[in-house]
Protein chains: 6
Amino acid sequence: MATVNLIEYEAASPAVRQVYDDIMTPREINWINNFWKVLAAQPELLQRTWDGVKSVMAPGVLDPLTKEMIYVAVSVTNGCQYCINSHTAAARKRGMTEEMLSELMAVVGIANQTNALADGFQVEVDEAFQYGGRES
Amino acid sequence: MATVNLIEYEAASPAVRQVYDDIMTPREINWINNFWKVLAAQPELLQRTWDGVKSVMAPGVLDPLTKEMIYVAVSVTNGCQYCINSHTAAARKRGMTEEMLSELMAVVGIANQTNALADGFQVEVDEAFQYGGRES
Amino acid sequence: MATVNLIEYEAASPAVRQVYDDIMTPREINWINNFWKVLAAQPELLQRTWDGVKSVMAPGVLDPLTKEMIYVAVSVTNGCQYCINSHTAAARKRGMTEEMLSELMAVVGIANQTNALADGFQVEVDEAFQYGGRES
Amino acid sequence: MATVNLIEYEAASPAVRQVYDDIMTPREINWINNFWKVLAAQPELLQRTWDGVKSVMAPGVLDPLTKEMIYVAVSVTNGCQYCINSHTAAARKRGMTEEMLSELMAVVGIANQTNALADGFQVEVDEAFQYGGRES
Amino acid sequence: MATVNLIEYEAASPAVRQVYDDIMTPREINWINNFWKVLAAQPELLQRTWDGVKSVMAPGVLDPLTKEMIYVAVSVTNGCQYCINSHTAAARKRGMTEEMLSELMAVVGIANQTNALADGFQVEVDEAFQYGGRES
Amino acid sequence: MATVNLIEYEAASPAVRQVYDDIMTPREINWINNFWKVLAAQPELLQRTWDGVKSVMAPGVLDPLTKEMIYVAVSVTNGCQYCINSHTAAARKRGMTEEMLSELMAVVGIANQTNALADGFQVEVDEAFQYGGRES
């Protein structure tokens, strides 16, 4: 149902193939998911988006599983079907158990609830929480 | 700027005071933040919301810091000023460093970007990602 | 902080004044709120928006207070500060008590929570709920 | 398409069955909708969510039909397919006519429009609307 | 899957048919898309919505193609499947090429990303940007 | 009110200064707006975000003013105060008149309205609009 044509590996330009290879190699898979095939219509958009995802999702002070769960939390809040499914799958691959998924959803659920309550009553930020509690 | 009167501890009913005490004791603080003072106008809403937050945010298979960062991720995506500030502060109290905050935001940022791209091109969920990659 | 100049009654064109009068007369007030002063920069946008609001918010099979509370529910979910404040005020004028406001917020809160859970787990619509339960 | 396994009544633990019974009895139905079957993977999440929904949606100063319509308004604004369908169906069961649904949608539509306009022009809250018009 | 019955041309009242004709004539088509058939259940809602769309989308200081692309940008950000598809199609009819669609999406993607970052870090509006840079 | 410390030019590392220079030079300004000062806490995030914005907002098949208006449309829909103000200012610098801003907002407003209606009634995508009208 995508609104643009998907670019398959066989039909891809060398520049697109290089990104495709870079996606498949570290994941040890031999297929490309639809998201990238859709971006490939504009190689620059594909390259930049992949570079961003690769860089941001690499291990850092946060581990990759934590990052995937944060990704799921955002995707759920936006209601993005594709990203909920793909990043839930990715989190599972990185070790997320059913129990962890349930806890993740419980947090996402209550955060959405209290976000609505805080906005709904127009609660003022307490002095102690200003600047996100940082020492200024 | 709250749209309802805030209930201070001194003016609170015994039922509300009990919740207030339950909030302050484990945190070892002697003040109540505005969010709860606003809910206290309807004690049942206060009680139920607090019970929910306390239960969900308790240590489980996910640690409290990870939960706070997920809370921040949702609040950012919803653009809730109160919750962004209060939960960034809470995450800091639980050990989130500046570097962790930056990585958290980098993930939240790119997730919002790719959510838009996946929705924008109406990308179809790959078979491998259906059911969030669970074994059905 | 508006991003356009506000058009005051004195400086308004006859076409804008007519809308302003139409806003003030039924409400028995002698001032115009900022929202309309901002739209007045483009009289057609002002006229069309006011016509829409006037028509939609008029008594119908739903009473005006119920409509105002629905308006608040949407505004909270979108996190629109201006509309939360203005329509909470409007609902109060139409008889919303503090208790009603608390119940309204409780519903808005739990709806946002379960929306996230339903999306988060990608729950499939039950056959009985398809077509919103209408007899097709 | 749910990302977790659904727990059917027959396979459910006694704790889950008790919640299922509590859901079916007052509604005089003998089936459980997918939303609850999905939460049942974590019985505590099921119990807490059901307790919340049951308590919030019970008759109060707002009647159950009004509450269901508010629920629909939130679900539409979030674009949650499951909740739009299930709560439109629930509202119909409680007496919402086609005409009421159309008026509900007209309000939801115009609220989303004016939310965008108020945010888009960064309209400042009028003094009379501050604190949602409450007497401070 | 619509939650209300669709009103076909043959079954429509004269008032509804008049709107249907007004939709089809300038587009030189002989069919009505589902969106209008759904609104037709309440002729007033149909009329008002159509009048609004017709007026807003007419050529003005912004050309119709630019307007359609802005429409797509909003629909993507809201994740509205129907509107993404219908307005992407409309933009194509008005001359949007594949390359333009890709650039549109690139902007929508990065805007959603930086919106999250600006909200996430609670960045304060610079003096030079206040009032959207207008001369006050 | 930012939740992290802002990095001023004087206190910036050479890597950050280089980005700052790259931001100021083409705009012919000698100050850095808060958004970048906030990202500078993590130089890599600053660099990547700036590279993305610079590349995406450069003239392409869409002109820079059109891109800025699309940016505003997204920011309004997300309700991001910082981005609404900064990109409205940027669009004005590129030639957006008051009349163009009003038309932009009129489109954003009606798109948000019809998005809600299409979701609210769960309108099914017409065959002619599937795949966004592309020739498959």
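All values below were derived from every heavy atom in this structure, side-chain atoms included, with hydrogens, water molecules and symmetry-related copies excluded. In the text below, chain A, chain B and the rest are named by the order of the sequence lines, each starting its count at 1.
Expressed to the nearest 0.5 Å, how far CG of D:N112 lies from OH of C:Y71 amounts to 9.0 Å. In this structure, the separation between CG on C:L62 and OG1 on D:T97 is 8.0 Å, given to the nearest 0.5 Å. Taking CG of D:D63 as the reference point, atom CD of C:E103 lies at 10.0 Å (rounded to 0.5 Å). Note: C:N5 CG to D:F121 CZ = 11.5 Å, rounded to the nearest 0.5 Å.
Contacts between C:Q130 and chain D at a heavy-atom distance below 4.5 Å involve the backbone alone (N, CA, C, O). Heavy atoms closer than 4.5 Å to chain D are found nowhere in C:L101, neither backbone nor side chain. Proximity to chain C involves both the backbone and the side chain of D:S86, based on heavy atoms less than 4.5 angstrom apart. Of the two parts of C:T114, the backbone and the side chain both hold a non-hydrogen atom closer than 4.5 Å to a non-hydrogen atom of chain D. Interface residue D:L39: only side-chain heavy atoms are found under 4.5 Å from chain C.
Ring pair D:F129/C:W31 is tilted by interplanar angle, where 30° to 60° counts as tilted.
The nearest pair of heavy atoms linking C:A118 to D:F35 is N-CE1, 3.8 Å. Across every non-hydrogen atom of D:Y131 and C:N85, the tightest pair is N-OD1, 3.5 Å.
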With side-chain contact (heavy atoms from CB on, under 4.5 Å) as the test, would you mind laying out the steps for C:M69 and D:M69 before giving the verdict?
CA-CA 10 Å; C:M69 290 191 298; D:M69 290 192 298; over 6 Å; no
C:L6 vs D:E124, test: side-chain contact (heavy atoms from CB on, under 4.5 Å). Steps then yes/no.
CA-CA 11 Å; C:L6 279 68; D:E124 207 161 354; over 6 Å; no
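By number of non-hydrogen pairs under 4.5 angstrom with chain D, the leading residue of C:A91, C:G79, C:A128, C:G60 is C:G60. Contact tally against chain D (heavy-atom pairs below 4.5 Å) for C:S102, C:C83, C:S55, C:A116: the top residue is C:C83. Taking C:E68, C:M100, C:Q113 one by one and counting their heavy-atom pairs under 4.5 Å with chain D, the maximum is reached by C:M100. Among D:H87, D:K37, D:R92, D:M1, the residue making the largest number of heavy-atom pairs under 4.5 Å with chain C is D:R92. Of the listed residues (C:D119, C:I110, C:T88), the one with the most heavy-atom contacts under 4.5 Å to chain D is C:I110. Put simply, of C:N33, C:I70, C:V38, the one with the most heavy-atom pairs under 4.5 Å next to chain D is C:N33.
Results of the side chain to side chain donor-acceptor pair (under 3.5 Å) test with D:N78 over C:N78, C:N115, C:T77 single out C:N115 as the only residue that passes.
Under 4.0 Å is where a charged nitrogen must lie from a carboxylate oxygen, and between D:E98 and C:R134 no such pair does.
At distances below 3.5 Å, at least one donor-acceptor pair connects side-chain atoms of D:D126 with backbone N or O atoms of C:N34.
Among residues 17-24 of chain D, no residue has any heavy atom closer than 4.5 Å to a heavy atom of chain C.
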